[in-house]
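Beneath this line is the structure, given in structure tokens, with notes to follow.
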Amino acid sequence: TAQAKKGSKKAKVVAGISCESCHGAARGWLDVHNDYGKTAGGAEAKHETETAKHKKVRIAKTIKLGMIRPDRPYELAKNCLQCHTVPNEDIVDKGGHTAGSDFELVSWLYKKGIRHTYSHGKSKDKPKAKGGSANSKRLLYVVGRSLDLEYSLRALAKATRKGTYLKSMVTRTKDAICKVKDIRGKVAIPELKSMLAIAAKAKLKAKQGKSLSSAADKIAKLTRKMAGKNNGSKWKALDSLVAKGQYANKSCR
């Protein structure tokens with residue numbers, strides 16, 4: 001959201017990516033998410049003094065109420081990629097909209113300022129910036145690249161004719177395949193091997209909606225499986241790619 005100062009034509013950004021952009025509509029879960037219960041003395045607890053029992057119940061409630069939590073990386077990344085690919089042929093070919101952005105999850109979360117700044121307790125508390133661990137960044141990187149492949153295929157599945165949209169989505173899909181190959185070359189992740197086998201059989205052209213959507217569905221299942229059984233601790237070999245982030249694999253283009 002942008003607003004212009006009175007008497008000035010220059011717009012000033014006053015709002016952008018919010019909590020809900022990544023974690024989903026907060027009306028149902030926000031109050032529960034911010035309720036840390038009571039201390040042993042009966043005072044209002046803070047994040048640091050919340051009991052383990054209360055935290056477990058609180059987290060379960062927020063998930064039930066629709067919150068997309070950071071320990072569910074597939075759902076978190078999905079919320080980003082389903083829009084950043086701009087999967088609409090007419091908007092691109094007829095409206096002139098850019099056919100998706102060069103989106104890499106870790107770069108956007110930690111290098112572009114879309115990171116957690118929050119305050120606990122009174123509003124006058126100084127906000128604190130929260131970064132991510134090396135393990136979580138590795139996992140997010142792999143999940144993000146896998147989802148990029150999935151949603152590139154989903155976007156390509158909507159192509160019905162020759163044009164900018166088709167050309168862009170074919171290029172994007174090939175890039176996504178290349179980036180997954182690069183990860184696979186550094187760490188032997190079996191799900192990635194299966195994804196690449198699926199992508200190799202995909203026909204990257206127009207009017208392949210059913211087959212490309214089916215391929216994307218299979219990759220989605222593999223990504224969920226991979227994210228559910230890994231935490232990134234065994235993927236130290238990926239640190240160079242994670243550090244490059246959005247600028248890794250430029251040779252894929």
Side-chain angles (χ1 to χ4, degrees), residues 1 14-84 103-110 112-148 150-151 154 191 216-217 219-235:
T1 302
V14 296
I17 298 298
S18 70
C19 302
E20 292 178 295
S21 300
C22 297
H23 299 289
R27 183 176 183 179
W29 53 260
L30 185 59
D31 289 341
V32 176
H33 176 62
N34 291 323
D35 179 8
Y36 303 114
K38 304 285 186 180
T39 64
E44 293 290 333
K46 293 186 178 181
H47 187 269
E48 296 83 358
T49 56
E50 181 184 21
T51 65
K53 181 179 180 181
H54 186 275
K55 182 178 181 179
K56 182 178 180 180
V57 173
R58 175 173 63 85
I59 288 176
K61 284 183 178 179
T62 58
I63 292 174
K64 187 175 181 180
L65 291 169
M67 182 182 184
I68 302 172
R69 296 190 57 83
D71 55 358
R72 301 170 73 195
Y74 178 87
E75 284 73 17
L76 194 69
K78 176 183 176 180
N79 221 25
C80 302
L81 267 299
Q82 62 187 349
C83 290
H84 274 276
F103 182 88
E104 190 281 302
L105 191 61
V106 179
S107 297
W108 280 68
L109 285 175
Y110 298 108
K112 286 184 171 290
I114 308 171
R115 55 188 296 177
H116 292 79
T117 53
Y118 58 93
S119 61
H120 293 309
K122 298 179 181 178
S123 58
K124 65 180 182 180
D125 290 348
K126 185 178 180 181
K128 303 174 183 179
K130 184 179 180 182
S133 69
N135 290 345
S136 66
K137 287 179 180 178
R138 292 170 196 149
L139 181 59
L140 282 172
Y141 183 80
V142 177
V143 169
R145 290 303 195 196
S146 301
L147 266 152
D148 195 6
E150 175 195 338
Y151 274 91
R154 293 195 188 285
E191 289 81 10
D217 288 342
I219 288 173
K221 289 181 180 179
L222 287 166
T223 305
R224 287 178 183 275
K225 180 181 178 182
M226 176 183 64
K229 70 178 187 180
N230 292 287
N231 62 8
S233 61
K234 298 180 180 180
W235 298 346

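We number each residue from 1, following the sequence as shown.
Between Asp148 atom CG and Leu105 atom CG the span is 10.0 Å, to the nearest 0.5 Å. For the atom pair CD1 (Ile63) and CZ (Arg69), the distance works out to 6.0 Å, reported to the nearest 0.5 Å. Taken to the nearest 0.5 Å, the NZ atom of Lys61 stands 12.0 Å off from the CG atom of Asp31. Thr39 contributes atom OG1, which lies 11.5 Å from atom NZ of Lys46 (distance to the nearest 0.5 angstrom). Here the OH atom belonging to Tyr151 is positioned 4.5 Å from the NZ atom belonging to Lys78, to the nearest 0.5 angstrom.
Contact check for Tyr36 versus Glu48: no side-chain heavy atoms found under the 4.5 Å cut-off. In this structure the side chain of Ile68 never reaches within 4.5 angstrom of the side chain of Cys22, judged on heavy atoms. Between Leu30 and Met67, the closest side-chain pair of non-hydrogen atoms is not below 4.5 Å. Considering only heavy atoms from C-beta on, Lys221 stays 4.5 Å or farther from Lys225 through its side chain.
Across all their heavy atoms, Thr223 and Ser146 have their closest contact at OG1-CB, 3.5 Å. Here the shortest heavy-atom pairing between Leu140 and Pro73 reads CD2-CB, 4.0 Å. When every heavy atom of Gly37 is checked against every heavy atom of Asp35, the shortest pair comes out as N-OD1, 3.0 Å. In terms of heavy-atom proximity, Ala227 sits nearest to Val143 at CB-CG2, 3.9 Å.
In summary, Glu75 and Arg224 engage in a salt bridge, as defined by a charged side-chain N under 4.0 Å from a carboxylate O.
Under the 30°/60° scheme for interplanar angles, the aromatic rings of His84 and Trp108 are found to stand perpendicular.
A donor-acceptor contact closer than 3.5 angstrom is absent between the side chains of Asn135 and Ser133.
With sequence neighbours left out, the ring-ring contact (aromatic ring centres under 6.0 Å, His included) criterion links His33 to Trp29. Applying the salt bridge (charged side-chain N to carboxylate O under 4.0 Å, His left out) rule to Arg154 yields the partners Glu150, Asp217; only residues at least two apart in sequence or on another chain are considered. Residues passing the salt bridge (charged side-chain N to carboxylate O under 4.0 Å, His left out) test with Glu50 are Arg58, sequence neighbours excluded.
Using modelled atom types, one side-chain atom of Asn230 and one backbone atom of Met226 make a donor-acceptor pair closer than 3.5 Å. Remark: the backbone N or O of Leu222 is not paired with any side-chain donor or acceptor of Glu191 at under 3.5 angstrom.
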